[in-house]
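Here's the structure we're looking at; comments come further down.
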Number of protein chains: 2
Amino acid sequence: MDTTARLLAAAERLFDRHGYTATGMDRLTEAAGMSSRTLYKHAGGKAQLMARVLGERDRRFLARLEVRRVDALFAALGDWLRVEGSRGCLFLRARAETGGDAPEIAEAVAAHKEAFRRRVAEVVAADLGREDPELAEQILILFEGAAHAAVYRGPEAAEAARAAAATLLQGARR
Amino acid sequence: MDTTARLLAAAERLFDRHGYTATGMDRLTEAAGMSSRTLYKHAGGKAQLMARVLGERDRRFLARLEVRRVDALFAALGDWLRVEGSRGCLFLRARAETGGDAPEIAEAVAAHKEAFRRRVAEVVAADLGREDPELAEQILILFEGAAHAAVYRGPEAAEAARAAAATLLQGARR
DNA sequence: TGAAGTGTAAAACGAACGTTTTACATTCGG
DNA sequence: CCGAATGTAAAACGTTCGTTTTACACTTCA
């Protein structure tokens with residue numbers, strides 16, 4: 001595992017579990033097992049590091065959503081929640097913690113959410129056999145809701161959302 | 001407007017707009033127009049202050065959800081989002097930022113989410129004419145999803161969720 | 001009249017913040 | 001074999017953190 005990968009993995013873990021602002025650079029260097037000099041050479045700074053973490057997470061998350069059915073979308077969410085834990089969307093949290101300052105973070109969040117929206121619309125279109133922007137928006141809301149309700153209702157929220165999505169899809173089918 | 005109300009209003013505004021950790025006590029004293037001595041006498045400390053902010057917000061938010069129909073639930077959410085802005089649920093954000101430390105905050109969040117869940121279940125039961133825990137869970141997820149999707153999709157997310165909820169309710173009705 | 005209560009302004013506490021720097025190893029291709 | 005490149009360890013930069021303290025002014029009411 002090379003330096004950059006070690007750094008990004010440690011940073012994602014700490015930012016996700018303890019928050020962006022609350023995580024100091026010294027904890028980061030310790031967790032990543034490197035000096036602060038190396039860290040700054042690789043990452044540039046704290047906000048840039050967070051932006052790269054979000055970029056990696058975007059790749060990893062969207063890779064799981066390469067499916068053809070709405071059902072599979074929520075199955076993938078359930079898997080993710082069970083593997084990664086439920087602390088709410090890291091992108092929205094990063095945006096909220098930095099309040100719109102830190103442009104690199106705001107951009108990473110916007111890019112991810114747009115890619116996510118597009119993916120959901122694609123899956124809905126594939127499953128339904130035609131485009132349906134209204135339904136896609138509803139499915140997106142169910143997905144986002146399950147991800148956040150899971151924080152206090154557990155990962156089973158993904159299954160409840162899957163059932164709701166099936167009902168909506170059924171209603172749209174004729 | 002007395003000292004405590006001024007303090008709580010300023011604290012809610014700053015915590016919501018810039019985050020809990022990123023908001024320093026000096027900004028708080030300045031925004032509330034009081035000395036730090038007075039602030040600490042009234043609030044006890046930063047975490048206690050956040051807990052009291054959340055308590056007030058819980059009251060204010062749930063008061064808006066005193067309705068009899070699921071439709072009205074999402075109308076109320078739309079109003080809230082348009083008035084207060086969309087930065088994601090302050091309770092979940094506070095929980096995530098403190099990562100489970102700060103017991104007073106964790107308790108305030110848990111209490112709010114349980115009260116919220118109960119309220120949704122009540123409204124669903126009143127609208128449907130009978131209890132339906134599965135449907136209530138789906139409506140809760142739609143609500144939570146609209147609140148968070150609104151951050152990047154705008155307050156219209158509440159209307160999309162309302163339409164989805166109507167479909168689910170219709171499906172449960174016979 | 002005087003003590004208690006409530007407020008302000010400002011300095012100070014040690015600790016932690018993000019970042020840079022200094023000084024010194026180690027690897028490795030030309 | 002020499003000079004980049006890449007790493008470490010550790011101190012230091014000035015700033016800000018949450019909190020406490022000191023010293024003083026004003027009201028309220030027994």
Side-chain angles (χ1 to χ4, degrees), chain A residues 1-54 93-106 108, chain B residues 1-54 90 93-108:
Chain A
M1 202 173 187
D2 78 330
T3 314
T4 297
R6 235 168 59 227
L7 173 55
L8 289 179
E12 178 170 2
R13 182 165 211 282
L14 289 178
F15 286 154
D16 184 39
R17 289 192 138 69
H18 305 291
Y20 170 70
T21 314
T23 299
M25 297 304 269
D26 49 349
R27 279 201 200 172
L28 234 24
T29 59
E30 195 190 334
M34 64 186 57
S35 67
S36 67
R37 195 174 202 272
T38 303
L39 189 154
Y40 274 90
K41 190 153 291 187
H42 279 77
K46 198 187 186 186
Q48 286 181 60
L49 176 56
M50 178 48 127
R52 293 182 64 171
V53 164
L54 293 179
R93 286 162 51 202
R95 181 111 174 64
E97 274 206 57
T98 55
D101 317 327
E104 51 261 270
I105 293 178
Chain B
M1 205 172 186
D2 78 331
T3 313
T4 298
R6 233 167 60 226
L7 174 55
L8 289 179
E12 178 171 2
R13 181 164 212 284
L14 289 179
F15 286 154
D16 184 38
R17 288 190 140 69
H18 305 291
Y20 170 71
T21 314
T23 300
M25 296 304 268
D26 50 349
R27 278 201 199 174
L28 234 24
T29 59
E30 195 191 332
M34 65 186 57
S35 67
S36 65
R37 196 173 203 270
T38 303
L39 190 155
Y40 275 90
K41 189 153 290 185
H42 279 77
K46 198 187 187 186
Q48 286 180 60
L49 175 58
M50 179 48 128
R52 293 182 64 172
V53 163
L54 293 178
L90 183 61
R93 285 163 52 202
R95 181 109 174 67
E97 274 207 56
T98 55
D101 318 326
E104 52 261 270
I105 293 178
E107 279 165 31

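Proteins come first, then strands; the chains are lettered A, B, ... in the order of their sequence lines, and each starts at number 1. Heavy atoms only: backbone and side chains are in, while hydrogens, waters and symmetry mates are out.
- The nearest whole Å value for the distance from the CD atom in A:Glu30 to the P atom in C:dA16 is 13 Å.
- Toward the 5′ end of DNA chain D lies the nearest nucleotide of A:Ser36, the other residue of the pair A:Ser36 and B:Gly45 mapping further downstream.
- We find that NE2 of A:His18 is positioned 17 Å from C1' of C:dC17, with the value rounded to whole Å.
- Of the candidates D:dG18, C:dT19, D:dG7, the closest approach to any side-chain atom of A:Thr38 belongs to D:dG7.
- With C:dT8, D:dA9, D:dT19 as the candidates, the nucleotide lying closest to the side chain of A:Ser35 is D:dA9.
- Judged by distance alone, with hydrogens and angles left aside, B:Arg37 brings a side-chain donor or acceptor within reach of the base of D:dT22, the pair sitting under 3.5 Å.
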Next on the checklist: Could you go through A:Leu7 and A:Arg52, starting from their C-alpha distance and side-chain angles, then the distance that decides it, and tell me whether this counts as side chain to side chain contact (heavy atoms under 4.5 Å, CB included)?
Outcome noted: CA-CA 10 Å; A:Leu7 173 55; A:Arg52 293 182 64 171; over 6 Å; no
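- At a threshold of 4.0 angstrom between heavy atoms, the contacts of A:Thr3 are confined to the sugar-phosphate backbone, with no base atom among them.
- One interatomic measurement links the two molecules: CG of B:Asp2 to C1' of C:dG7, which rounds to 13 Å at whole-angstrom precision.
- For B:Lys46, taking side-chain heavy atoms from C-beta onward, the closest of the listed nucleotides C:dT21, D:dG18, C:dT8 is D:dG18.
- The listed nucleotides are D:dC17, D:dT8, D:dT22; the one nearest the side chain of B:Asp26 is D:dC17.
- The nearest whole Å value for the distance from the CG atom in A:Leu49 to the P atom in C:dC17 is 15 Å.
- Contacts of B:Gly33 with the nucleic acid, taken as non-hydrogen atoms under 4.0 Å apart, involve only primed sugar atoms and P, OP1 or OP2.
- For B:Tyr40, taking side-chain heavy atoms from C-beta onward, the closest of the listed nucleotides C:dA9, D:dT20, D:dT8 is D:dT20.
- Side chain of B:Met25, nearest nucleotide from D:dT19, C:dT8, D:dT8: D:dT19.
- What separates CG of B:Leu28 from P of D:dC17 is a distance of 11 Å, to the nearest Å.
- Put simply, OG1 on B:Thr29 and CE on B:Met25 are 8.5 Å apart, with the number rounded to the nearest 0.5 Å.
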Checklist entry - Hey, mind stepping through B:Arg93 and B:Tyr20 against side chain to side chain contact (heavy atoms under 4.5 Å, CB included) and telling me if it holds? => result CA-CA 9 Å; B:Arg93 285 163 52 202; B:Tyr20 170 71; over 6 Å; no
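- Residue A:His42 has a polar side-chain atom (N or O) positioned under 4.0 Å from OP1 or OP2 of D:dG7.
- Atom CG of B:Leu90 sits about 4.5 Å away from atom CE of B:Met50, to the nearest 0.5 Å.
- Taking atom NZ on B:Lys41 and atom C1' on C:dT8, their separation rounds to 12 Å, with Å as the unit.
- Among the protein residues, A:Thr23 comes within range of the sugar-phosphate backbone only, with heavy atoms under 4.0 Å from sugar or phosphate atoms but none that close to a base.
- For A:Arg13, the CZ atom sits in a loose shell: 12 or fewer heavy atoms of surrounding residues, nucleotides or ligands are nearer than 6.0 Å.
- Separating the CG atom of B:Leu39 from the C1' atom of C:dG7 is a distance of 13 Å, rounded to the nearest angstrom.
- For the pair A:Phe15 CZ and C:dG18 C1', the interatomic distance rounds to 11 Å; values are reported in whole Å.
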